[in-house]
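Here the structure comes first, spelled out in structure tokens, and everything after it is commentary.
Count residues from 1 along the sequence.
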Amino acid sequence: MHDECIPPDLVDRLHALGHADVVRAQALAEDGDWFCARAWARLLAGRGELEEALRVLAPYVGTSWWTAAAEAARLLDAEGRGEEAYALLLPHVADWCLAEALAEVGVRVGRGEEVTALLAARTVPGCPCARCGSPECGGRYPEPFNAVNLLASVREGQGRTDEAVEVLRTYGSTPVNNRDPLAELLVRHGRIDELRAYAAGEDRLEAARRLAEVLEARGGCGGCGRGVPAACGARRLRTAGGSRAGAGHDAGRRT
């Protein structure tokens, strides 16, 4: 059902040229096209026909495909049906992308503590490692791989910034797309002195890059003190095209 799909830009073009009937036919066919189904579901939801939109997505959601589940949850949440979106996402907490959506929706519907408990259980010592299956790794590689990052995001969403920082300091933040979650959190809350101290540590390239960006936006690095040399060097690396993949995982999977 997901192979040889019509490219999404072609689907958009068909719709723009007035061929919505073609998109609808492909969306509802027995061997339907995913991108047509997604486009048709979004069109229906935009018309206020959410139930029909969900029926269009149902064959895909029924396969437990993360992309379809995320799309259905997005439509539900956009219509103020966050509890239903939460229930749809809950069984997929081990999937890193759906876990992100679960954390966001969970905070909005007041289920932050429940999400925190689910994610924390995946980081405790004795939890089987997602890479080798052994409990001896002590949760070093949890499933989802971004469980710690999401724990912090839930705390931040609840307005508990100090706890979010502590989570990332205690368990270690996992860089995703060359961004260090702790560094980003500190920047969002204006805690630049803490960022400077953090970036000065060993193997903190992403944090040093972020510090360099902040200092550059403030008018340069002169007189800014400890951590600046590493930050400036990281900035030059980034400009030259240097990069490092986030934690060795497929961090670019998105709809």
Quiz prompt | Closest non-hydrogen atom pair, Trp96 against Leu150 | solution = O-CD1, 4.5 Å

Quiz item: Do Val187 and Val214 have side-chain heavy atoms sitting under 4.5 Å apart?
Solution: yes

Exercise. Starting at SG of Cys97, measure out to CG of Leu89 and round the result to the nearest 0.5 Å.
Key: 9.5 Å

Quiz item: Minimum heavy-atom separation for Pro144 to Arg122, with atom names?
Solution: CD-CD, 3.9 Å

Practice problem: Starting at CG of Leu195, measure out to CG of Asp180 and round the result to the nearest 0.5 Å. | Solution: 9.0 Å

Quiz item: Taking only residues two or more places apart in sequence or in another chain, which ones pass salt bridge (charged side-chain N to carboxylate O under 4.0 Å, His left out) with Glu166?
Solution: none

Quiz item: Going from SG on Cys36 to CG on Leu14, what distance comes out if it is rounded to the nearest 0.5 angstrom?
Solution: 7.0 Å

Quiz item: Got a sec, which pairs hit salt bridge (Lys or Arg N to Asp or Glu O under 4.0 Å) with one end in residues 183-195, sequence neighbours left out?
Solution: Glu156-Arg188, Asp162-Arg191, Arg169-Glu194, Arg179-Glu184, Glu184-Arg210, Arg191-Glu194, Asp193-Arg196

Quiz item: What's the shortest heavy-atom distance between Glu79 and Ala45, and which atoms?
Solution: OE2-O, 4.1 Å

Exercise. Can you measure from CG (Leu118) to CZ (Arg111) and round to the nearest 0.5 angstrom?
Key: 10.0 Å

Practice problem: Check the side chains of Glu163 and Gln158 for a donor-acceptor pair under 3.5 angstrom, ignoring hydrogens and angles. | Solution: no

Quiz item: Say you draw a straight line from CG of Leu151 to CG of Leu168; how long is it, rounded to the nearest 0.5 Å?
Solution: 9.0 Å

Practice problem: Taking all heavy atoms of Ala39 and all of Val23, pick out the closest pair and write down the distance. | Solution: CB-CG1, 4.3 Å

Self-check item: Residue pair Val93, Leu102: steps toward the side-chain contact (heavy atoms from CB on, under 4.5 Å) verdict
Solution: CA-CA 7 Å; Val93 66; Leu102 179 68; 3.9 Å; yes

Self-check item: Residues Val61, Leu88; criterion side-chain contact (heavy atoms from CB on, under 4.5 Å); working and verdict
Solution: CA-CA 9 Å; Val61 175; Leu88 178 62; 3.9 Å; yes

Quiz item: Are any non-hydrogen side-chain atoms of Val154 and Arg160 less than 4.5 angstrom apart?
Solution: no

Self-check item: With sequence neighbours excluded, residues passing side chain to side chain donor-acceptor pair (under 3.5 Å) with Arg74
Solution: Glu71

Exercise. Flag the pair Leu186 / Val165 as yes when at least one side-chain heavy-atom distance between them is below 4.5 Å, and no otherwise.
Key: yes

Quiz item: In Å and rounded to the nearest 0.5 Å, what is the CG to OH distance from Leu182 to Tyr198?
Solution: 4.5 Å

Exercise. May I have the step-by-step check of side-chain contact (heavy atoms from CB on, under 4.5 Å) for Ser153 and Glu104, ending in yes or no?
Key: CA-CA 8 Å; Ser153 75; Glu104 293 173 7; over 6 Å; no

Exercise. For Arg24, enumerate each residue passing the salt bridge (charged side-chain N to carboxylate O under 4.0 Å, His left out) test, keeping only those at least two apart in sequence or located in another chain.
Key: none

Quiz prompt | Side chains of Tyr86 and Asp77, donor plus acceptor under 3.5 Å | solution = no

Exercise. Output yes when a side-chain donor or acceptor of Thr170 lies under 3.5 Å from a complementary backbone atom of Val167, and no otherwise.
Key: no

Self-check item: Heavy-atom pair of closest approach, residues Ala27 and Val56
Solution: CB-CG1, 4.5 Å

Exercise. Can you label the angle between the Trp34 ring and the Trp65 ring as parallel, tilted or perpendicular, going by 30° and 60°?
Key: perpendicular

Quiz item: Side chains of Arg209 and Asn178: closer than 4.5 Å at any heavy-atom pair?
Solution: yes

Quiz item: With sequence neighbours left out, which residue pairs that include part of residues 7-22 fulfil the side-chain hydrogen bond (donor to acceptor under 3.5 Å, both in side chains) condition?
Solution: none

Exercise. Evaluate the criterion side-chain contact (heavy atoms from CB on, under 4.5 Å) for residue pair Asn146 and Thr174; output intermediate values, then yes/no.
Key: CA-CA 7 Å; Asn146 56 346; Thr174 301; 5.9 Å; no

Exercise. For residues Ala199 and Arg204, report the shortest heavy-atom separation together with the two atoms involved.
Key: O-CB, 3.9 Å

Practice problem: May I have all residue pairs that pass salt bridge (Lys or Arg N to Asp or Glu O under 4.0 Å) and include part of residues 46-66, sequence neighbours excluded? | Solution: Glu51-Arg81, Glu52-Arg55

